[in-house]
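Working notes, beginning with the structure itself.
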Amino acid sequence: MKKFLVILLSLALAVTAFGLAACTPTEDPETTAIDIAGEYAIDLSEAGMPMTVYLQIEDDGAFAFAADDSFSSAKSAGTISTLSTGYLMMFSEVNGEAVDTGTQTCNLTKEADGSLVFDGTIPYGSATFSSPMTNDDGEEVIISAVPVGSGDVSGDNENTVEPGIYYGTHTTDGMMATTYEYYLTIREDGKFTSFVTFTAMGSACMSYDYGTYSASGSMCRMTSTVYDDPETEDDLTEALTVDADGVYTADVKMSRMASDTVTIEVEKLSASPDEVVASYEGTHSIAMGPMTMDFDCTLDVYADGSYSFTATSSDGDANTETGFIGIENMMSLSGILLPDGMTSPADITLTEEGALTGQFSMGAGSRQEVTLTPVAA
């Protein structure tokens, strides 16, 4: 499931990957006018992705792939030429960058019903897709493009994945069944965070994820900087999709103890959760010449990983900092702190007793390394 989904993710965000190997023509293509000019829809539901992508072919053979039928932003583009056996797509631009002519090509043929069948690899944005391909059921799927308005495209999906907070639960099988409370935040800045709470062996556990994402229509592909793919050892690829009925599905990893991703149904929340899942407290002192300023510090962590840190000085002034905190208190005893307004997270550490150390703002001056201890529930 995991390996196939990674292929499909490249497939969805790229309009993805129809790809056997790119095909090399056996003859020089003609430059005559194209008789397949028009707009086409490509339904990927049989390949396991509930989405449709689009192909536009101009009269002169210029083509472009896009996530919607406005074609306002091309994922890849080039020129189609006529061969005696069909047509040859030659890509000149992929993901907004020029590519050498002839280095990326794919063949296609026209069927009696006017549809176009792909045979080769299609670059789409930062990903690729291929046709034929084998789906999760072991069936061979041939990807085709159907003229827009023909009524032959099934599974039209106008829903899109948007920034927001998504929530779902997952319960493992067996006698030691564990229920995970999972919150995923798709941020406006192209990054995602997730925060997970669960109970294991009588202890309250937390885990997290962080990385970048690329959203295209009903598919969002996430690249984790926390977890590695067990097969390739590359950064783990995860996904959030929405189908034509508005049902969101996430394929994600729950914790470091999990061997692979799981697929769960999630719902998009209308507001951030207000449940505090962990609280910490401590003191901190800053030397200011001959004087010392003392601070009482508190940290509240909410169910989605958002936090509120307050430092109250000995003269009564209080400063509050908010952002995202990732906590992994089972195996690595580590995490990240991403305050609002900062573009890159900083590391935090934990002890086996639960004490947390990270750099927080006291309200003025440089950030201070503060150690906080958990507040008993």
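Numbering starts at 1 and runs along the sequence shown. Keep in mind it's a predicted model, so treat the numbers as computed, not measured.
Hydrophobic clustering places Leu108 together with Val141 (ILVMFWY residues linked when any side-chain heavy atoms are closer than 4.5 Å, directly or through intermediates). At a threshold of 4.5 Å between side-chain heavy atoms, the hydrophobic network of Ile, Leu, Val, Met, Phe, Trp and Tyr places Met257 and Tyr182 in one connected group. Linking Ile, Leu, Val, Met, Phe, Trp and Tyr whenever their side-chain heavy atoms come within less than 4.5 Å puts Val262 and Tyr180 in one cluster.
When each of Thr169, Thr171, Thr197 is checked for a side chain to side chain donor-acceptor pair (under 3.5 Å) with Thr179, only Thr171 meets the rule. Partner of Tyr87 under the side chain to side chain donor-acceptor pair (under 3.5 Å) criterion, chosen from Thr109, Thr82, Asp35: Asp35.
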Exercise. Is there a ring-ring contact (aromatic ring centres under 6.0 Å, His included) between Tyr183 and Phe195 once you walk through the steps?
Worked result: CA-CA 5 Å; Tyr183 286 86; Phe195 198 81; 8.4 Å; no
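Here the two rings, on Phe91 and Phe63, have centers that are under 6.0 Å apart.
In this structure, a donor-acceptor pair under 3.5 Å is absent between the side chains of Ser279 and Glu281. Looking only at atom types and distance, the side chain of Asp235 has no donor-acceptor partner in the side chain of Thr223 under 3.5 Å away.
Counting only residues at least two apart or on different chains, no ring pair (Phe, Tyr, Trp, His ring centres under 6.0 Å) pair has a member in residues 269-300. Among pairs with a residue in residues 316-359, none fulfils ring pair (Phe, Tyr, Trp, His ring centres under 6.0 Å), at least two apart in sequence or across chains.
Within the model, atoms CZ of Phe192 and CZ of Arg221 stand 12.0 Å from one another, a figure rounded to the nearest 0.5 Å.
Across all their heavy atoms, Val94 and Val99 have their closest contact at CG2-CG1, 4.0 Å. Nearest heavy-atom pair across Gly114 and Tyr40 is O-CE2, 3.7 Å. The heavy-atom pair separating Asp60 from Thr79 by the smallest distance is O-CG2, 4.4 Å. In terms of heavy atoms, Val242 sits closest to Thr160 at CG1-C, 3.8 Å. What you find for Ala355 and Pro374 is that their closest heavy atoms are N-CD, 4.1 Å. Closest of all the heavy-atom pairs between Lys75 and Ala66 is CG-CA, 4.3 Å.
No more than 12 heavy-atom neighbours from other residues, nucleotides or ligands sit within 6.0 angstrom of CG on Asp274. For Glu352, the CD atom sits in a loose shell: 12 or fewer heavy atoms of surrounding residues, nucleotides or ligands are nearer than 6.0 Å.
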Side chains of residues 304-317: which donor-acceptor partners sit under 3.5 Å, not counting sequence neighbours?
residue : atom : partner : partner atom : Å
Asp304  : OD1  : Ser306  : N            : 3.1
Asp304  : OD1  : Ser306  : OG           : 2.7
Tyr307  : OH   : Glu321  : OE2          : 2.7
Thr310  : OG1  : Thr320  : OG1          : 3.1
Ser313  : OG   : Asp315  : OD1          : 2.2
Ser313  : OG   : Asp317  : N            : 3.2
Ser313  : OG   : Asp317  : O            : 3.2
Asp315  : OD1  : Asp317  : N            : 3.2

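Using modelled atom types, one side-chain atom of Glu238 and one backbone atom of Lys253 make a donor-acceptor pair closer than 3.5 Å.
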